[in-house]
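Presented below is the structure to which this report refers.
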Number of protein chains: 2
Amino acid sequence: MTERAYHCPVEVTLEVIGARWTPVILAHLKENDRLRFGQIRRLIPDISEKMLTQRLRELERAGIIDRTLVRAAPAQVEYRLTTAGRGLSPVLNAMWDWGRQRATTMGLTITPVPADPRPGPATE
Amino acid sequence: MTERAYHCPVEVTLEVIGARWTPVILAHLKENDRLRFGQIRRLIPDISEKMLTQRLRELERAGIIDRTLVRAAPAQVEYRLTTAGRGLSPVLNAMWDWGRQRATTMGLTITPVPADPRPGPATE
DNA sequence: GTGGGTACGCACCAAAAAGTGCGTACCCAC
DNA sequence: GTGGGTACGCACTTTTTGGTGCGTACCCAC
C-alpha cells in the first residue's frame, strides 16, 4: 500500500481505492448515505468480517469515510462518506454504470441483497 | 479472479479492472491510443514485465484491448482499446481527475515518464 | 441463564499474487 | 562477433493477501 513515486494520477487514485472490495464498499455508502457495519456486511455477502474491518480502517485513515459510534453498549457504529469521499462519486458512478452495462451484454446476473435481515419468518 | 455471483454492479467492473495496475495500463492506452509493449513498460516504471504481460493477456481475453503484431522478426506488438474498452473511458477519466485532485490537496508529486527512450543526448 | 446479535482484535495458516532470473529468436549497430 | 533492444514464456521463490476460528463486552429476547 505504500508507493513512493507516482507517474500517473490513476496510481494515486488506486492507492486509495485499489484494494479488494474497496470500491464496492464505497459504492454502497454512496447509495445509502449511512450504513452500520452489519449492514455493509450483509450488502456484500462474500466479504469476511476481517476484510471489511480492514478496509474500513484504511478508508478512515485516508479520510474517505467517517466512523461514528452510535451506541457503546452492544457496539453500534455508523459509517458514511466524508466530503472528500463524496468526491469519489464520479468514479463510483462510472464503475456502477459500466458494471450494469457489462452485466447486460455478458448475460451476467446481479442479485442485490437487502441491508437488513429479512424481518418475516424463514424465507426458505 | 473467478467470482460466481454478483450483488452489485461494481463487483462486475472490478472483475475486469480490479487487478493491480490494470486501470493504469488502460488509462495510458486511452491517452495514447496505441502503444507498444515497451512503451507501456516505460510509462509505468514500477511494473515488472511479467505483470504487464499478465495484465495485457487478461484484458485481451476480456475483450477490452486488442493486440496487433506489427512486426514478427524482433517482435513488435501494438495494443489499443477495443470499442468495449473505450466504454471504460468515463471510469478512467474519473480516476484520472480524482487522482490529480488528490495529489494536489495531499501535496503529492506526479512525475510522468516519456513513452519513448530519450533519443537525443542526455537531457540532464 | 442461554443463546444470538453488535463490532470488532488477534493469531495462525492457506492461497494467491508478484518478483527474479533464465531462455528464446531475431535484428541492428558497432 | 558482441551486445543491446524487442516481447515475451517458464520455473522457482518470496511476499502479500485473505480465511478461519477464538475471545471480548454488552444487551435483549426467550
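The sequence lines fix the lettering, A, B, ..., with proteins before strands; numbering per chain opens at 1.
Comparing C:dC8, D:dG18, D:dG9 by their closest approach to the side chain of A:Lys50 singles out D:dG18. Across C:dT6, D:dC8, C:dC8, the shortest atom-to-atom separation from the side chain of B:Val77 is found for D:dC8. Comparing C:dA11, D:dA7, C:dA7 against the side chain of B:Phe37 picks out D:dA7 as the nearest. Distance from the side chain of A:Arg57 is smallest for C:dG9 among the nucleotides C:dG9, C:dT20, D:dG19.
Side chain of A:Glu31 to backbone of A:Ala27: no donor-acceptor contact under 3.5 angstrom is found.
A sub-4.0 Å separation between OP1 or OP2 of D:dC8 and a side-chain N or O of B:Arg67 is present. The side chain of A:Arg55 contributes an N or O atom lying less than 4.0 Å from OP1 or OP2 of D:dG18. Distances shorter than 4.0 Å separate some side-chain N or O of A:Arg42 from OP1 or OP2 on C:dT6. Residue B:Ser48 has a polar side-chain atom (N or O) positioned under 4.0 Å from OP1 or OP2 of C:dG19.
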Wobble G-U and Watson-Crick pairs count when both distances are under 3.5 Å; given that, what is the 5' to 3' dot-bracket string of DNA chain C, with | for pairing to other strands? ||||||||||||||||||||||||||||||
May I have the step-by-step check of side chain to side chain donor-acceptor pair (under 3.5 Å) for B:Tyr79 and B:Glu60, ending in yes or no? CA-CA 9 Å; B:Tyr79 293 95; B:Glu60 219 188 319; 5.4 Å; no
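As a whole-Å value, the separation of A:Glu60 CD from C:dC8 C1' is 12 Å. Remark: C1' of D:dA7 and CG of B:Leu56 are 11 Å apart, rounded to the nearest angstrom. The nearest whole Å value for the distance from the CD atom in A:Glu78 to the P atom in C:dA7 is 10 Å. Between the CE atom of A:Met51 and the C1' atom of C:dC10 there is a distance of 14 Å, given to the nearest Å. C:dT20 atom P lies 11 Å from atom CG of B:Asp46, rounded to whole Å. Counting to the nearest Å, the P atom of C:dC26 and the CG atom of B:Leu69 are 14 Å from each other. Put simply, CZ on B:Arg20 is 11 Å from C1' on D:dT15, counting in whole angstrom units. The CD1-C1' distance, from B:Ile25 to C:dA18, rounds to 14 Å in whole Å.
Side-chain contact between A:Val16 and B:Trp98: present, with at least one pair of heavy atoms (C-beta onward) separated by less than 4.5 Å.
Nucleotides of DNA chain C nearest to A:Gln54 and A:Pro74 differ in position, and the one nearer the 5' end is that of A:Pro74. A residue-by-residue look at A:Glu49 and B:Glu49 shows that B:Glu49 has its nearest nucleotide of DNA chain D further toward the 5' end.
The CD atom of B:Glu11 lies 8.0 Å from the CD1 atom of A:Ile110; values are rounded to the nearest 0.5 Å.
For the pair B:Arg36 and B:Glu78, the salt-bridge criterion is not met [side-chain N within less than 4.0 Å of a carboxylate O]. Salt bridge B:Arg61/B:Glu58: absent, no basic N to carboxylate O contact under 4.0 Å.
Note on B:Leu69 and B:Phe37: same hydrophobic cluster, where clusters join Ile, Leu, Val, Met, Phe, Trp and Tyr whose side-chain heavy atoms are under 4.5 Å apart, directly or indirectly.
Closest non-hydrogen pair, A:Leu14 versus B:Met95, comes out as CD2-CE, 3.4 Å.
No engagement by A:Arg71 is indicated, since no non-hydrogen atom pair under 4.0 Å with the nucleic acid exists.
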